[in-house]
Amino acid sequence: MKKFVILGGGYGGLTIVNELLDKSIPRDTELVLVDRMPFQGLKTEYYSLAAGTVSDFELRVTFPEHDQLTRRFGEVTSIDLDARIIHFKEGDPLLYDQLVIGLGCTDRFHNTPGAEEFSCTIQSFNSTRRTYMRLNEINPYGSVHIVGGGLSGVEIAAELRESRPDLNISIMDRGERVLSSFPQRLSAYVHEWFKEHDVNALSRVSVTRVEPNAIYNHDDLIQTDAVVWTAGIQPVKVVQDLSIAKDPQGRIVVNELYQIPNHTEVYVVGDCASLPFSPSAQAAGIQGEQIAHIVQAIWKGEKPQTHAIKLRGTLGSLGKKAGFGYGFLGGTALRGRIPRLLKSGVLWKSKRHFG
Ligand SMILES: Cc1cc2nc3c(=O)[nH]c(=O)nc-3n(C[C@H](O)[C@H](O)[C@H](O)COP(=O)(O)OP(=O)(O)OC[C@H]3O[C@@H](n4cnc5c(N)ncnc54)[C@H](O)[C@@H]3O)c2cc1C
């Protein structure tokens with residue numbers, strides 16, 4: 001049997017598995033889905049798990065079952081591209097004929113002393129659970145500092161405000177405004193929401209050090225009960241360790257079929273792949289569908305078709321009742337309840353699609 005191994009059952013990897021199972025898989029091929037978890041974690045909602053407004057269970061999607069699909073749960077430690085072997089923390093190595101790398105991303109701490117050791121993070125399911133414990137055990141009227149005013153920083157600040165009205169919450173960014181990659185009017189809307197909901201937005205901050213109960217802005221020490229780091233991402237360590245061509249963000253350079261140029265038996269999907277836009281679940285899903293079509297075509301001996309990935313826009317939440325969106329209907333900026341409802345709709349759809 002030939003082994004088609006998919007590393008990572010996230011937005012990209014699981015889309016490929018579902019798409020392939022929906023069509024036909026050659027009888028001499030076995031799909032092997034590998035993940036450290038026995039379910040998909042809906043990462044776009046990790047901010048709400050961290051804040052304590054949804055339960056762990058609500059963010060899990062079960063993996064499919066099929067007679068040509070084997071599921072292997074374990075921690076991947078390395079990939080040997082030349083020998084075509086996956087190594088695990090425990091258990092036997094796994095050989096593959098074809099491979100998909102879809103292991104997602106982890107935090108980037110920019111060499112800030114203490115940041116990795118003393119910050120809470122929301123880039124993996126288990127780190128998010130630890131963040132939930134830390135944030136929800138803070139004594140009444142304690143303080144939380146969120147580093148990074150991008151989408152996940154904004155979402156966790158707002159969600160935590162709803163979950164813990166007593167806390168002093170600050171969101172720190174090195175720029176002038178949060179959501180710097182969004183239009184000015186959306187940042188202004190979010191700043192207004194923060195003002196109304198007593199979230200302190202600090203601009204032009206440079207975090208130089210994190211300690212167990214302190215964070216430094218340049219040389220100024222700020223006492224805190226928790227630091228949440230949302231100030232950068234990079235592909236996971238297994239990908240960082242691969243000696244192959246990467247882009248400046250550390251993502252693997254791929255050809256037009258999303259394969260590693262010198263290893264065309266290996267596809268890369270989602271946050272690990274160098275694509276012409278920022279990593280997102282939406283991009284991972286669309287790219288996953290395309291990879292499945294490419295693989296199907298190659299299996300049938302046909303010429304694979306490729307299409308440019310067209311993204312539909314980005315939605316963000318400010319708690320459960322407000323939100324924002326950009327990139328829809330010719331660049332309209334959406335604010336308030338409608339984008340929040342749309343975001344809930346997207347979550348509902350991904351649960352149905354994957355589950
Ligand atoms: C708080 C937050 C909010 C976000 N909001 C949005 C949003 O609104 N819209 C949007 O489009 N994107 C959003 N994103 C980004 C989005 O979640 C990612 O871009 C997306 O999850 C990438 O998909 P992926 O398939 O590459 O990786 P993932 O979905 O992260 O899947 C990777 C999988 O690999 C597994 N894995 C990783 N390492 C190992 C290992 N060593 N061994 C075994 N298994 C491993 C993980 O368990 C996981 O299941 C958000 C991210 C965060 C953190």
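FYI, the numbering just counts along the sequence from 1. Order of listing sets the numbers, starting from 1, for every ligand and every atom in it.
The backbone N or O of Gly270 sits less than 3.5 Å from a side-chain atom of Gln287, completing a donor-acceptor pair.
Within the structure, every pair that satisfies the salt bridge (charged side-chain N to carboxylate O under 4.0 Å, His left out) test and touches residues 139-165, not counting sequence neighbours, is listed here: Glu155-Lys343, Glu159-Lys320, Arg164-Asp166. Residue pairs meeting the ring pair (Phe, Tyr, Trp, His ring centres under 6.0 Å) criterion with at least one partner in residues 288-313, sequence neighbours excluded, are Phe4-Trp299. The list of ring pair (Phe, Tyr, Trp, His ring centres under 6.0 Å) pairs with a residue in residues 84-113, not counting sequence neighbours, reads Phe109-Trp229.
Using a cut-off of 4.0 Å between Lys/Arg side-chain N and Asp/Glu carboxylate O, Lys237 and Asp241 are scored as salt-bridged. Remark: Glu30 does not engage Lys2 in a salt bridge, criterion side-chain N to carboxylate O under 4.0 Å.
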Check ligand 1 against the protein and report each N/O to N/O distance under 3.5 Å, formatted as atom name, atom name, distance.
unit_1   : atom_1 : unit_2 : atom_2 : d
ligand 1 : 8 (O)  : Lys343 : NZ     : 3.4
ligand 1 : 11 (O) : Ala281 : N      : 2.9
ligand 1 : 11 (O) : Gln282 : N      : 3.1
ligand 1 : 12 (N) : Ala281 : N      : 3.0
ligand 1 : 19 (O) : Asp271 : OD1    : 2.8
ligand 1 : 19 (O) : Asp271 : OD2    : 3.3
ligand 1 : 19 (O) : Ser280 : N      : 3.4
ligand 1 : 19 (O) : Ala281 : N      : 3.3
ligand 1 : 25 (O) : Tyr11  : N      : 3.2
ligand 1 : 25 (O) : Gly12  : N      : 2.8
ligand 1 : 26 (O) : Asp271 : N      : 2.9
ligand 1 : 29 (O) : Tyr11  : N      : 3.3
ligand 1 : 38 (N) : Arg36  : NH2    : 3.3
ligand 1 : 41 (N) : Glu75  : OE2    : 3.3
ligand 1 : 41 (N) : Val76  : O      : 3.0
ligand 1 : 42 (N) : Val76  : N      : 2.9
ligand 1 : 44 (N) : Arg36  : N      : 3.1
ligand 1 : 47 (O) : Asp35  : OD1    : 2.7
ligand 1 : 49 (O) : Asp35  : OD1    : 3.4
ligand 1 : 49 (O) : Asp35  : OD2    : 2.6

